[in-house]
Amino acid sequence: MAYENIIAKKKGKVGLITLNRPDALNALNTELNLEMGKALDKFEADDQIGCIVITGSEKAFAAGADVKEMQPKSYMQAYKEDFLHPWERVARCRVPVIAAVSGYALGGGCELAMMCDFIIAADTAVFGQPEINLAILPGAGGTQRLTRLVGKSKAMEMCLTGRFMDAEEAERAGLVSRVVPADTLLDDALKTAEKIASFSRPAVFMVKESVDRAYETTLAEGILFERRLFYSTFAMADQKEGMQAFIDKRSAAFKNE
Ligand code: CAA
């Protein structure tokens with residue numbers, strides 16, 4: 001399917017989505033988010049796709065929500081349209097999603113990266129929630145996800161002052177899982193995605209669901225949820241195969257069931 005604001009490709013078992021509004025530093029408008037939703041629907045429905053990578057350009061992952069689209073909106077329009085709703089599709093994706101971030105990830109761009117399961121950053125990456133400059137606040141989860149990821153002090157400072165964080169600080173603060181040289185970013189992210197996609201798809205989904213649970217509930221409930229999922233893997237052909245392959249000292253052949 002041809003898109004106008006993104007490029008979506010299958011690379012073996014990995015779905016690659018490249019944000020593609022170079023003239024606007026990949027500012028995220030409604031069209032782009034609807035297209036991304038469609039691409040995610042297709043990848044999720046494809047049993048062969050085991051991981052997704054979202055990336056931008058060398059200069060910008062995404063410089064935020066599209067200010068030119070938002071500026072004239074009235075409160076009633078924003079409320080009735082719930083125009084940020086399509087953004088949440090990324091956070092609801094069952095297939096793991098890696099954000100490969102080079103350059104600016106600001107405002108909604110930082111929020112989109114944080115909706116992904118983890119972030120691999122180029123050494124050129126810059127993160128920030130500069131909405132305060134526009135007399136607004138982050139609207140796609142920034143105050144919530146950033147605070148959970150880096151703690152109250154840093155999140156509060158960034159949201160209140162709009163200051164940017166470089167890749168090194170972002171790794172130190174736990175916002176990104178790894179920093180890599182800019183020229184190997186996509187290769188690194190794709191290799192990581194291929195590794196995830198080589199495993200049993202339902203087992204991968206369960207890992208993702210279980211880690212996500214840690215953000216949603218108490219420790220006791222989370223441990224119980226994990227234990228139930230763990231036992232349920234014993235009903236999977238892939239669990240029998242994975243363990244038998246270990247015992248036989250051979251590679252496992254998973255069937256995603
Ligand atoms: N929305 C719309 N257009 C944007 C944009 C955005 N968020 N960010 C950049 N652009 C456009 C610019 O208007 C410019 O377009 P023109 O060539 O037509 O003038 C083009 O992209 C290039 O941008 P700059 O000339 O500004 O590039 P620069 O290298 O000088 O600066 C930058 C780069 C520091 C990222 C700067 O563009 C910038 O500050 N962008 C806005 C960042 C921002 O405020 N983001 C938060 C948006 S609000 C939000 O995201 C709300 C939410 O939580 C959902």
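Every value quoted in this text rests on a predicted model; they were computed, and no experiment measured them. Just follow the structure's listing: the first ligand is 1, and inside any ligand the first atom is 1.
Classification of Arg250 and Asp248 as a salt-bridged pair holds, one side-chain N sitting under 4.0 Å from a carboxylate O.
The nearest non-hydrogen atom to atom 46 (C) of ligand 1, considering only Ala140, Ala24, Gly128, Gly107, comes from Gly107. The option with the heavy atom closest to atom 50 (O) of ligand 1, from among Gly109, Gly141, Gly108, is Gly108. Of the candidates Gln129, Glu69, Glu111, Glu111 brings a heavy atom nearest to atom 53 (O) of ligand 1. When the heavy-atom distances from atom 42 (C) of ligand 1 to Gly64, Ala63, Ala60 are ranked, the shortest goes to Ala63.
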For this session: Walk me through it: do Asn5 and Glu35 pass the test side chain to side chain donor-acceptor pair (under 3.5 Å)?
Result: CA-CA 7 Å; Asn5 301 280; Glu35 288 182 6; 3.2 Å; yes

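Using 4.0 Å as the threshold, Leu28 has no heavy atom nearer than that to any atom of ligand 1. In this structure, Asn133 falls outside the shell of residues with a heavy atom less than 4.0 angstrom from ligand 1.
The two residues Ala125 and Val101 make their nearest non-hydrogen contact at CB-O, 3.7 Å. Nearest approach of Gly56 to Thr18, heavy atoms of both residues: O-CG2, 3.9 Å.
Distances between N or O atoms of Phe164 and those of ligand 1 include no value under 3.5 Å. Taking only nitrogen or oxygen atoms, main chain and side chain alike, Gly139 reaches within less than 3.5 Å of ligand 1.
Set against the non-hydrogen atoms of Pro138, the atoms of ligand 1 under 4.0 Å away are 53 (O). When each atom of ligand 1 is checked for a heavy atom of Leu106 under 4.0 Å away, the hits are 35 (C). The ligand atoms of ligand 1 that sit less than 4.0 angstrom from a heavy atom of Pro130 are 43 (C), 44 (O), 45 (N). Counting the atoms of ligand 1 from 1 in the order shown, those under 4.0 Å from a heavy atom of Glu131 are 48 (S), 49 (C), 50 (O), 51 (C), 52 (C), 53 (O).
Remark: Lys38 is not positioned above the aromatic ring of Tyr3, lacking an NZ or CZ atom under 6.0 angstrom from the ring centre and at most 45 degrees off the axis.
Annotation: atom 17 (O) of ligand 1 to nearest protein heavy atom, Asp23 O, 4.4 Å.
In this model, no donor atom of one side chain and acceptor atom of the other lie less than 3.5 Å apart for Glu58 and Thr124.
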